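Structure record follows, encoded as structure tokens.
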Number of protein chains: 2
Amino acid sequence: MSLDLSVDRSSPVPLYFQLSQQLEAAIEHGALTPGSLLGNEIELAARLGLSRPTVRQAIQSLVDKGLLVRRRGVGTQVVHSKVRRPLELSSLFDDLEAAGQRPATKVLVNTMVPATAEIAAALAVAEDSDVHRIERLRLTHGEPMAYLCNYLPPGLVDLDTGQLEATGLYRLMRAAGITLHSARQAIGARAATTAEAERLGEDAGAPLLTMERTTFDDTGRAVEFGTHTYRPSRYSFEFQLLVRP
Amino acid sequence: MSLDLSVDRSSPVPLYFQLSQQLEAAIEHGALTPGSLLGNEIELAARLGLSRPTVRQAIQSLVDKGLLVRRRGVGTQVVHSKVRRPLELSSLFDDLEAAGQRPATKVLVNTMVPATAEIAAALAVAEDSDVHRIERLRLTHGEPMAYLCNYLPPGLVDLDTGQLEATGLYRLMRAAGITLHSARQAIGARAATTAEAERLGEDAGAPLLTMERTTFDDTGRAVEFGTHTYRPSRYSFEFQLLVRP
DNA sequence: GTAGTTCGATTGTCCGGACATACGCATTGA
DNA sequence: TCAATGCGTATGTCCGGACAATCGAACTAC
């Protein structure tokens with residue numbers, strides 16, 4: 001066995017997490033080749049001086065990520081295919097930055113408006129009560145890529161225009177102590193109106209990719225509702241899915 | 001405590017699974033109201049005659065589904081928001097049937113063709129080697145909704161045209177003993193070509209929603225590659241996302 | 001030679017306990 | 001009055017063991 005795994009018991013990092021990270025790194029690095037057996041759990045636990053439940057917890061987390069597959073009576077194998085992150089709840093800003101795209105943001109509108117029926121329903125606030133309205137244009141390489149319109153309930157986040165242009169909305173929300181939990185999302189397409197076309201530098205009637213999203217924090221409160229339109233020539237949604245067993 | 005939970009030790013169904021199902025049913029049914037505490041794990045285990053690890057395993061599976069939230073020093077709470085399935089690897093056919101839409105399928109093409117470079121790369125087969133090619137039109141209420149073009153490596157599934165029209169491709173694959181594992185997917189938009197417009201009953205240049213997907217089985221083998229186009233007026237992708245902690 | 005059987009290996013499930021850690025709240029102190 | 005401290009409580013982590021279920025392969029019987 002070539003792998004040199006080890007755990008640091010004095011570290012505050014949980015042992016199962018240390019192990020799962022090392023295994024993940026070994027898979028990423030190629031030390032564990034696709035299709036190879038991982039060796040049985042009992043022996044692995046003995047070799048590391050850990051108990052089997054701890055080793056199992058580490059392995060299970062990688063199974064959940066889709067990197068490993070367990071087979072009763074056979075063993076645990078490394079999956080062949082390369083698995084990307086299975087579609088996180090991520091912001092466009094972070095996605096672009098991770099892709100090395102250097103996103104730029106131009107805040108068009110940052111004000112308070114009375115909530116329409118649709119927005120009030122999405123955010124679970126009273127109709128006509130005041131909510132934040134933010135309109136932004138996202139550019140890459142100086143070209144417009146997406147038009148983002150977001151609504152937030154009042155009093156949650158301090159929406160500074162300068163900060164909005166420097167970072168993403170989700171980062172501001174996390175910095176404000178909001179723990180994002182889930183989002184309901186719809187992706188569609190439609191023809192651009194004249195105003196939309198002008199904003200994005202397209203022709204009227206050109207196909208646009210649209211996304212509507214309501215985000216909830218861990219208490220179930222709706223913390224954001226947004227309607228986004230993307231130029232399909234410059235953006236598409238790409239992600240990896242896993243089957244739930 | 002009103003909830004009457006119980007487990008059947010003689011059942012072959014795992015105890016933790018019995019418990020998680022009952023809890024999920026209680027949440028769905030409203031017996032466990034959003035925001036309510038679940039009661040501490042120790043007492044719950046004692047009440048059911050189970051050990052704490054077993055109870056924790058049941059709770060954890062619901063946390064992973066996004067139905068519960070754990071807080072150290074506080075307890076386990078039911079999440080407020082309604083959570084749908086977090087975007088399964090599902091087939092269009094199943095989605096429609098679940099929505100009560102009575103999908104109809106018309107198989108336009110079911111043949112073998114030599115693989116182009118793109119298809120060969122996606123399916124990891126040799127270029128120009130034979131692969132299945134299936135073209136289908138999916139209709140709801142007699143109206144075309146999507147045009148599906150799929151490629152499969154040879155010898156995996158028996159692709160009977162009659163069966164393809166009666167059920168979905170994924171069901172056929174599962175029935176053939178293939179265990180679907182993951183898929184890489186891209187959603188975009190573009191203007192319809194004349195041929196596409198005619199097939200779907202739209203005008204040329206009308207916006208179309210597009211999806212490209214490669215599906216892998218649990219050994220990492222690519223088992224399907226497809227390019228689909230949808231009429232955006234009749235279909236959009238809707239799903240729930242969870243943040244990964 | 002082929003089909004059925006047995007058996008070893010490995011994961012799946014479950015137990016009962018132990019200590020660490022973080023949160024909320026009451027108490028205490030300035 | 002307000003802030004710092006301490007405590008109870010709940011989850012987080014970890015242990016060592018036990019038995020069951022399943023897979024694959026070697027073996028046996030026909």
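The model shown is predicted, which means the values in this text are computed figures rather than measured ones. Chain identifiers are assigned alphabetically (A, B, ...) following the order of the sequence lines, protein sequences preceding nucleic acid strands; residue numbering begins at 1 within each chain.
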Task: Identified side-chain contact (heavy atoms from CB on, under 4.5 Å) partner of A/Val131 from the options A/Asn150, A/Leu123, A/Thr116 - done: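 Single pass found, and it is A/Leu123.
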
Can you tell me the distance, in whole Å, between the [atom1] atom of [X] and the [atom2] atom of [N]?
X       : N      : atom1 : atom2 : value
A/Leu50 : D/dG17 : CG    : P     : 14 Å
A/Asn40 : C/dG8  : CG    : C1'   : 12 Å
A/Leu37 : C/dA9  : CG    : P     : 14 Å
B/Leu44 : C/dC15 : CG    : P     : 12 Å
B/Ile42 : D/dT13 : CD1   : C1'   : 13 Å
A/Leu48 : D/dC14 : CG    : C1'   : 14 Å
B/Leu68 : D/dT11 : CG    : P     : 11 Å
B/Glu43 : D/dG8  : CD    : P     : 20 Å

Can you find a heavy atom in the side chain of [X] that is under 4.5 Å from one in the side chain of [Y]?
X        : Y        : result
B/Arg184 : A/Glu238 : yes
B/Leu180 : B/Thr215 : yes
B/Glu43  : B/Val55  : no
A/Leu152 : A/Leu169 : yes
A/Lys65  : A/Glu24  : yes

Phosphate oxygens OP1/OP2 of [N]: is one of them under 4.0 Å from a side-chain N or O of [X]?
X       : N      : answer
A/Thr76 : C/dT10 : no
A/Arg52 : D/dC15 : no
B/Thr54 : C/dT13 : no
A/Arg70 : C/dT10 : no
B/Arg9  : C/dC15 : yes

Task: Annotated protein contacts, base or backbone, on nucleotides 23-28 of chain C with a non-hydrogen cut-off under 4.0 Å, one of B, S, - each - done: BS----

Open item on the list: Taking B/Ser6's backbone N and O only, do any of them form a donor-acceptor pair with B/Gln22's side chain (distance below 3.5 Å, no angle check)?
Closed with: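 A pair under 3.5 Å: yes.
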
Task: B/Glu165 side chain to B/Val107 backbone, donor-acceptor under 3.5 Å - done: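 Yes, the answer is positive, given that a donor and an acceptor are paired below the 3.5 Å cut-off.
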
List, one per line, each side-chain donor-acceptor pair under 3.5 Å for residues 12-20 of chain A, sequence neighbours excluded.
residue	atom	partner	partner atom	Å
A/Gln18	OE1	A/Asp8	N	2.8
A/Gln18	NE2	A/Asp8	O	3.0
A/Gln18	NE2	A/Val13	O	2.9
A/Ser20	OG	A/Phe17	O	3.1

Task: DNA chain D contacts made by residues 10-18 of chain B, counting heavy atoms under 4.0 Å - done: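 Under 4.0 Å from DNA chain D: no residue of residues 10-18 of chain B.
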
Task: Residue A/Arg56, side-chain heavy atoms: nucleotide from C/dG16, D/dG12, C/dT13 that is nearest - done: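 Side chain of A/Arg56 sits closest to C/dT13.
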
Task: Most 5' of B/Gln60 and A/Ser51 on DNA chain D, judged by nearest nucleotide - done: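 First, find each residue's nearest nucleotide; the 5'-ward one identifies B/Gln60.
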
